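Below is one structure, written out as structure tokens, with a few remarks after it.
As the structure is a computational prediction, the values presented were derived from the model and not from experiment.
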Amino acid sequence: MSKPSNREKILAEGMRVVLERGFNGASVRDIVQAAGVPQGSFTNHFASKEAFGLELLAIYFGNVRAVIAATLRNDFLPPLQGLHAFIAANKQRLCAEGTQNGCLSGNFSAESSDHSVNIRLSLLEIFTEVRRSIAYCLRRAVRQGELPPDTACDIVAGFVVSALQGAILLAKVERSLAPVEQFEQVLFAMVLRRPDVLADEQAA
């Protein structure tokens, strides 16, 4: 197996450092030291720190799309089970990376969207894809009788994106999954009025 290139090392270790310290809080020196490469390697592979940040978001977006394909847009799953699985995947990621790291897209939104048009547009693309995928899942739920015909799928999808991001931010502050779990309970029990989806999962 070939050794990872300096570019791969910088991206892998840079992702970890940026999650831990924030994009603005992580200097290029911090990133190359974590990667164990000369500082010149960074400028050899990335035109700027902004370009590096966009690469990180592209990697993150690829992971998001893989999760979406397996959950929200997985037509072999019952729709609301797919939505539950999407939220569960977010909780699993938070546990794996540490709740203190939060969500890369949420962190970038707070830190960098005002300072870089390109980063803001990349974030907009990510959040739009998530919102549309949730709306797709909810429309399937309506067609299959899991939700009432008058469900405002686009509005609910926007709420889910906003509320989940807020819950992840609180999880970062509280160092606990409790805010995400509370969001999920309110979503299924009060917004969608389908608490049985969570009950079925807990029984399994």
Item to complete: Please answer: with hydrophobic residues joined when any side-chain heavy atoms are less than 4.5 Å apart, are Val161 and Ile155 in the same cluster?
Response: no
Worksheet item: Are any side-chain N or O atoms of Ser122 and backbone N or O atoms of Asn118, one a donor and one an acceptor, separated by less than 3.5 Å?
Response: no
Worksheet entry | Non-hydrogen side-chain atoms of Ile168 and Phe183 separated by less than 4.5 Å | no
Practice prompt. Give a yes or no answer on whether the side chain of Arg194 reaches the backbone of Glu146 with a donor-acceptor pair at less than 3.5 Å.
Written response: yes
Worksheet item: So which heavy atom on Ile31 is nearest to which on Gly14, and how close?
Response: CG2-CA, 3.9 Å
Discussion item. When you compare the side chain of Val18 with that of Asn107, does any pair of heavy atoms fall below 4.5 Å?
Written reply: no
Item to complete: State whether Phe42 and Lys49 meet the cation-pi test: NZ (Lys) or CZ (Arg) under 6.0 Å from the six-membered ring centroid, and within 45° of the perpendicular axis.
Response: no
Practice prompt. Rounded to the nearest 0.5 Å, what's the gap from CG on Leu54 to CG on Leu123? Could you check?
Written response: 9.0 Å
Worksheet item: Roughly how far apart are Arg120 CZ and Glu125 CD, rounded to 0.5 Å?
Response: 13.0 Å
Discussion item. Applying a strict under-4.5 Å side-chain criterion to I, L, V, M, F, W and Y, I'd like to know whether Val32 and Ile59 cluster together.
Written reply: yes
Response to the item:
Between Leu138 and Ala157, the two heavy atoms sitting closest are CD1-N, 3.9 Å
Discussion item. Does atom CG (Leu121) have a neighbourhood of more than 12 heavy atoms from anything else shown, all under 6.0 Å?
Written reply: yes
Item to complete: Measure from the side-chain N and O atoms of Asn90 to the backbone N and O of Ile87, and report whether any donor-acceptor pair falls under 3.5 Å.
Response: no
Fill in: Any side-chain heavy-atom pair of His45 and Glu55 under 4.5 Å
no
Fill in: For Ala171 against Pro179, the heavy-atom pair lying closest together
N-CG, 3.8 Å
Practice prompt. Would you please classify the geometry between the Phe23 ring and the Phe52 ring as parallel, tilted or perpendicular, with 30° and 60° separating the classes?
Written response: parallel
Worksheet item: Which distance, rounded to the nearest 0.5 Å, do you find between the CG of Asn74 and the CZ of Arg140?
Response: 7.5 Å
Item to complete: Please say whether more than 12 non-hydrogen atoms of neighbouring residues, nucleotides or ligands are located less than 6.0 Å from CZ in Arg175.
Response: yes
Worksheet item: Can Val28 be reached from Ile10 by stepping across I, L, V, M, F, W or Y side chains whose heavy atoms are under 4.5 Å apart?
Response: yes
Discussion item. Please check: side-chain N/O of Gln165 versus main-chain N/O of Ser162, any donor-acceptor pairing under 3.5 Å?
Written reply: no
Worksheet item: Given the rule that I, L, V, M, F, W and Y join up when any side-chain heavy atoms are under 4.5 Å apart, are Leu147 and Tyr136 in one cluster?
Response: no
Discussion item. Is there a side-chain contact between Leu104 and Met15 in this structure, where contact means two heavy atoms from C-beta onward sitting under 4.5 Å apart?
Written reply: yes
Response to the item:
Pro149 and Val142 have their tightest heavy-atom pair at CA-CG1, 3.8 Å
Fill in: Thr151 side-chain N/O to Pro148 backbone N/O, donor-acceptor pair under 3.5 Å
yes
Worksheet item: About how many Å separate CG of Leu94 and SG of Cys103, when rounded to the nearest 0.5 Å?
Response: 8.0 Å
Worksheet entry | Lys/Arg cation over aromatic Phe61: Arg65, 6.0 Å, 45° cone | yes
Worksheet item: Are Leu11 and Phe46 close enough that some pair of their side-chain heavy atoms sits under 4.5 Å apart?
Response: yes
Worksheet entry | Leu77 with Val67, same ILVMFWY side-chain cluster at under 4.5 Å | no
Worksheet entry | Side chains of Val160 and Glu184 in contact at under 4.5 Å (non-hydrogen atoms) | no
Discussion item. With a 4.0 Å cut-off on N to O distance, would you call Glu129 and Arg132 a salt bridge?
Written reply: no
Worksheet item: Taking all non-hydrogen atoms of both residues, which atom of Glu111 and which atom of Asn24 are closest, and how far apart?
Response: OE2-N, 3.0 Å
Worksheet item: What's the shortest heavy-atom distance between Ala35 and Lys9, and which atoms?
Response: CB-O, 3.7 Å
Worksheet item: So do the side chains of Gln81 and His84 get within less than 4.5 Å of each other, counting heavy atoms only?
Response: no
Discussion item. I want to check something: taking the side chain as every heavy atom from C-beta on, are Thr71 and Leu83 in contact at a cut-off of under 4.5 Å?
Written reply: no
